[in-house]
Amino acid sequence: MNGVEGLMLTDFLRVGHISEHSAIYGPGVRFVIWTQGCTLACEGCWNKQYWPHRGGTNFSVQDLVNRISKTPGIEGITLLGGEPLQQPWPIFNLISEVKKMGKTVFLYTGYNVEEFDEVMQACFDICDIVVTGRFEQDLRNTNLRWRGSENQQIHFPTRHYNLGSLEERNEIEFVINDNGTLEMYGYPSEEISSWIENV
């Protein structure tokens with residue numbers, strides 16, 4: 001990893017949202033973390049509530065590791081946002097610890113590979129799946145799997161998974177919370193988005 005060394009597991013990660021069991025953000029059932037904070041500000045972004053660096057909740061990496069380790073039935077974790085790689089050190093430490101558990105890691109980033117610094121590259125190298133590239137509204141395609149626009153690229157750095165297992169399709173997930181509220185995840189069409197707004 002080119003001399004990159006992680007910091008303490010007491011490092012804090014700003015988190016906007018967590019879904020402990022999701023079936024649409026990567027293979028199998030996954031523990032999904034939306035990080036808080038993003039300056040890329042892609043037009044048409046579905047997660048604008050995670051742009052501000054203020055807000056969200058600070059979690060120590062150790063607390064997240066403990067929570068993930070106690071979550072049954074998951075194949076791995078998925079990190080998105082916000083922009084995970086704008087918090088590269090705690091992200092690197094979290095990925096490293098999750099890999100030690102034998103879990104897989106799927107990382108979303110709006111950065112392209114050529115924009116990575118050393119720590120960002122180290123994060124990329126130990127992930128099992130990475131989607132790179134800004135969301136581009138003009139290239140939006142709701143028939144893609146795991147991406148929102150056609151320019152975004154899927155990488156398999158560890159070769160744990162491969163492109164042969166990738167079937168293009170749109171996936172949307174609805175969650176009804178204990179208090180009766182409805183949450184929607186994924187990349188819905190305009191028709192579905194409009195329907196949800198009127199529910």
Side-chain angles (χ1 to χ4, degrees), residues 12-27 29-59 64 67-68 74 76-88 90-92 94-95 98 105-113 115-116 120 123-124 127 129-155 169-177 181-199:
F12 284 91
L13 183 68
R14 288 187 309 280
V15 174
H17 185 65
I18 291 174
S19 177
E20 292 189 349
H21 294 90
S22 174
I24 67 167
Y25 291 108
V29 177
R30 309 190 72 80
F31 188 107
V32 184
I33 300 171
W34 284 260
T35 61
Q36 184 73 38
C38 179
T39 60
L40 300 179
C42 299
E43 181 183 354
C45 175
W46 185 247
N47 294 326
K48 289 184 179 179
Q49 68 271 34
Y50 306 130
W51 285 6
H53 282 271
R54 293 183 180 178
T57 303
N58 281 340
F59 286 89
L64 288 170
R67 185 167 168 181
I68 292 163
I74 59 170
I77 70 167
T78 298
L79 301 164
L80 63 167
E83 174 50 62
L85 293 185
Q86 290 186 357
Q87 301 180 66
I91 286 291
F92 176 78
L94 178 60
I95 294 170
V98 169
V105 178
F106 187 152
L107 172 69
Y108 281 87
T109 177
Y111 290 104
N112 294 305
V113 173
E115 298 177 283
F116 290 172
M120 295 161 75
C123 292
F124 176 93
C127 285
I129 306 175
V130 184
V131 169
T132 60
R134 314 291 197 273
F135 171 75
E136 294 189 18
Q137 181 68 30
D138 293 344
L139 297 176
R140 184 173 190 252
N141 185 343
T142 57
N143 294 314
L144 299 174
R145 192 175 191 191
W146 303 336
R147 289 111 64 220
S149 61
E150 294 175 358
N151 62 295
Q152 293 174 316
Q153 297 184 4
I154 303 180
H155 310 263
R169 65 174 185 260
N170 186 20
E171 297 174 300
I172 302 168
E173 190 169 63
F174 296 93
V175 176
I176 300 175
N177 297 311
T181 59
L182 179 69
E183 293 180 356
M184 178 175 61
Y185 301 108
Y187 299 100
S189 65
E190 292 181 8
E191 292 81 6
I192 292 175
S193 297
S194 177
W195 176 74
I196 288 295
E197 289 173 2
N198 292 313
V199 169

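Positions are given from 1, in the same order as the sequence printed here.
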Query - Selection residues 14-26 - residue pairs positive for salt bridge (Lys or Arg N to Asp or Glu O under 4.0 Å), sequence neighbours left out - result: Glu20-Arg67
Requested in this report: Verify side chain to side chain contact (heavy atoms under 4.5 Å, CB included) between Cys123 and Leu85, making sure each step is shown before the conclusion.
Outcome: CA-CA 8 Å; Cys123 292; Leu85 293 185; 3.9 Å; yes
**Report entry** 4.5 Å side-chain heavy-atom contact, Ile18 and Thr57
**Finding:** no
Query raised in the report: Are the side chain of Gln36 and the backbone of Asn58 linked by a donor-acceptor contact shorter than 3.5 Å?
Result: no
Report task. Could you please spell out the steps behind the side chain to side chain contact (heavy atoms under 4.5 Å, CB included) verdict for Gln86 and Leu40? Result -> CA-CA 10 Å; Gln86 290 186 357; Leu40 300 179; 4.1 Å; yes
Requested in this report: Could you tell me whether a side-chain N or O of Tyr108 sits under 3.5 Å from a main-chain N or O of Pro84, the two making a donor and an acceptor?
Outcome: no
Query - With Gln153 via side-chain hydrogen bond (donor to acceptor under 3.5 Å, both in side chains) - residues at least two apart - result: none
Query raised in the report: Mind checking what makes ring pair (Phe, Tyr, Trp, His ring centres under 6.0 Å) contact with His53, not counting sequence neighbours?
Result: none
Report task. List in chain and number order the residues that pass side-chain hydrogen bond (donor to acceptor under 3.5 Å, both in side chains) with Glu150, two or more places apart in sequence or in another chain; answer none if no residue qualifies. Result -> Asn141
Query raised in the report: Hey, would you say the Trp46 and Phe135 ring centroids sit under 6.0 Å apart?
Result: no
Report task. Find out whether Leu64 and Ile77 are in side-chain contact, i.e. whether some heavy atom of one side chain is under 4.5 Å from a heavy atom of the other. Result -> no
Report summary line: For Thr109, the side-chain hydrogen bond (donor to acceptor under 3.5 Å, both in side chains) test, sequence neighbours excluded, returns Glu83
Query - Closest non-hydrogen atom pair, Asn151 against Gly133 - result: ND2-C, 4.4 Å
Requested in this report: Could I get the full list of ring pair (Phe, Tyr, Trp, His ring centres under 6.0 Å) partners for Phe116, not counting sequence neighbours?
Outcome: Phe124
Query raised in the report: Would you say Thr78's side chain and Tyr25's backbone share a donor-acceptor pair under 3.5 angstrom?
Result: yes
Query - Inter-residue atom distance Leu94.CG - Ile33.CD1, 0.5 Å rounding - result: 5.0 Å
Query raised in the report: How long is the span from the CG atom in Leu144 to the CG atom in Leu139, to the nearest 0.5 Å?
Result: 10.0 Å
